[in-house]
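Below you'll find the structure, written out as structure tokens, and then a few comments.
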Amino acid sequence: MIPARDSLGDCDMVPLRLDLATEPQRMPQVRPVSDAAFAFLNHLRFMSMSCRSKRRADLFEACALLHATRSASQEAHAEALMRCLAQALGKQPRLHAPGTVEMSFDETWLLQLGQAITTQDEGSVAFLLKSRVLPEHRRLIRYLVGRISEYFSLI
């Protein structure tokens with residue numbers, strides 16, 4: 001019992017519920033995604049971790065370099081995206097460690113953008129880009145996410 005005081009300063013006893021204090025904590029709700037979608041997300045998470053110690057790159061310069069080298073790989077596109085995403089969003093994105101089941105808002109947004117590009121849902125692509133990406137960077141972010149999502153079956 002925990003003593004409680006009323007407005008006159010008198011103590012009354014209030015019962016403490018032990019069942020609420022000892023219940024196991026519930027896990028956060030996680031939206032299930034396909035194996036390919038989870039692989040896409042983990043690929044970006046790994047690339048984000050490897051880019052943390054590298055300097056930030058300018059989005060226009062990174063895309064120009066990728067266009068100059070037509071043989072650029074999936075890793076090169078993912079690295080360019082992760083090094084420039086903060087510039088395009090106007091803030092640092094939050095990505096969890098690889099293998100984490102929970103998804104951040106930024107991760108969910110990236111996954112939805114990749115799926116919309118893969119299914120050629122132009123309305124959703126436009127909405128997702130306009131909702132978060134600075135206007136001058138929308139075309140380049142669409143290009144990078146589109147190139148990365150080509151390697152995964154996000155449908």
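Predicted model, so just to flag it, every value in this text is computed and none were measured.
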Measure the [atom1]-[atom2] distance between [X] and [Y] for me, rounded to the nearest 0.5 Å.
X	Y	atom1	atom2	answer
Arg142	Leu140	CZ	CG	12.0 Å
Leu113	Thr108	CG	OG1	12.5 Å
Leu89	His137	CG	NE2	9.5 Å
Leu111	Ser34	CG	OG	7.5 Å
Cys84	Ile141	SG	CD1	7.0 Å

Is a donor on one side and an acceptor on the other found under 3.5 Å between the side chain of [X] and the backbone of [Y]?
X	Y	answer
Glu79	Met47	no
Asn42	Pro98	no
Arg138	Val133	yes
Glu107	Ser104	yes
Arg45	Thr100	yes

Is there side-chain contact between [X] and [Y], with heavy atoms separated by less than 4.5 Å?
X	Y	value
Arg132	Lys91	yes
Arg94	His96	yes
His77	Tyr143	yes

Which pair of heavy atoms, one from [X] and one from [Y], lies closest together, and at what distance?
X	Y	result
Ala37	Gln115	CB-NE2, 4.2 Å
Ser48	Leu95	CB-CD2, 4.0 Å
Ile148	Ala78	CD1-CA, 3.5 Å

(message) Check the orientation of Phe40 and Phe152. Use parallel for under 30°, tilted for 30 to 60°, and perpendicular for over 60°.
(response)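 Judged by the thresholds at 30° and 60°, the geometry between Phe40 and Phe152 is perpendicular.
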(request) Determine the sole option in Val145, Asp106, Leu110 for which the side-chain contact (heavy atoms from CB on, under 4.5 Å) test with Leu85 is passed. (result)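 Between Leu85 and the candidates, side-chain contact (heavy atoms from CB on, under 4.5 Å) is satisfied uniquely by Leu110.
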(message) Please check if the number of heavy atoms outside Gln120 that lie under 6.0 Å from its CD is greater than 12.
(response)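 Atom CD in Gln120 is not packed in, count stays at 12 or less.
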(message) In this structure, would Leu44 and Phe46 fall into the same cluster of hydrophobic residues linked by side-chain contacts under 4.5 Å?
(response)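 No, separate clusters.
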